[in-house]
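Note sheet for the following structure.
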Amino acid sequence: VRHWSSAAEISAPAPSKITHLLVKGLIFADRANDKSIAEFRDRLRAMPQFGDETEIILAPLPNQDDYARAFTIEIALKNPI
């Protein structure tokens with residue numbers, strides 16, 4: 001005999017809200033300048049969905065032979081989901 005719990009009997013914790021998105025990207029080295037990633041971050045900050053806490057987490061300088069520059073941005077959501 002199995003006993004099935006009803007929803008009223010289960011006390012699950014409330015689900016967490018997503019407040020930030022972590023985005024990893026690449027920008028072609030021949031199209032990038034020293035401010036390209038910062039300009040992208042600033043455009044994200046200006047959008048109504050994203051907060052001023054949006055930050056570049058990682059943007060290492062590429063090696064001379066690299067065709068692209070990697071970056072990671074943490075985007076703050078104004079309205080968590």
Side-chain angles (χ1 to χ4, degrees):
V1 175
R2 293 184 187 212
H3 174 71
W4 298 97
S5 298
S6 69
E9 294 175 338
I10 300 172
S11 60
S16 299
K17 295 232 178 202
I18 298 171
T19 60
H20 292 78
L21 302 174
L22 195 63
V23 175
K24 294 183 178 189
L26 294 171
I27 186 168
F28 289 109
D30 63 341
R31 298 200 174 205
N33 63 44
D34 291 342
K35 298 179 182 177
S36 297
I37 298 169
E39 289 169 353
F40 178 58
R41 180 216 45 217
D42 294 343
R43 286 195 308 267
L44 290 170
R45 286 178 176 175
M47 297 181 77
Q49 302 89 342
F50 306 132
D52 292 335
E53 304 85 29
T54 296
E55 288 297 338
I56 300 167
I57 302 299
L58 183 67
L61 293 174
N63 294 323
Q64 187 174 5
D65 296 334
D66 290 345
Y67 66 93
R69 183 174 180 188
F71 64 90
T72 303
I73 295 180
E74 185 180 62
I75 302 173
L77 299 175
K78 284 190 179 176
N79 298 311
I81 53 176

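Just so you know, these numbers use all the heavy atoms, side chains as well, and skip hydrogens, waters and symmetry mates. Positions are given from 1 along the sequence.
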Lys/Arg N to Asp/Glu carboxylate O, E74 vs R41, below 4.0 Å: no

Donor-acceptor contact present, side-chain T54 to main-chain A76, <3.5 Å: yes

From I56 atom CD1 to I37 atom CD1, the distance as rounded to the nearest 0.5 Å: 6.0 Å

Side chain to side chain contact (heavy atoms under 4.5 Å, CB included) partners for L77, two or more places apart: I18, L21, F50, I81

Non-hydrogen side-chain atoms of L61 and R69 separated by less than 4.5 Å: yes

N79 atom CG: more than 12 heavy-atom contacts under 6.0 Å: no

Heavy-atom pair of closest approach, residues P62 and A68: CB-O, 4.0 Å

Aromatic ring pairing F71/F40, orientation class (parallel under 30°, perpendicular over 60°, tilted between): perpendicular

Closest non-hydrogen atom pair, S36 against R31: OG-O, 4.2 Å

D34 atom CG, neighbour heavy-atom count above 12 within 6.0 Å: no

Interatomic spacing from CG in L58 to OG1 in T72 - rounded to 0.5 Å: 5.0 Å

Single-linkage hydrophobic cluster V23~M47, side-chain heavy atoms < 4.5 angstrom: yes

Interatomic distance, L22 atom CG to H20 atom NE2 [nearest 0.5 angstrom]: 10.5 Å

Taking every non-hydrogen atom, the tightest pair across P60 and A70: CD-O, 3.7 Å

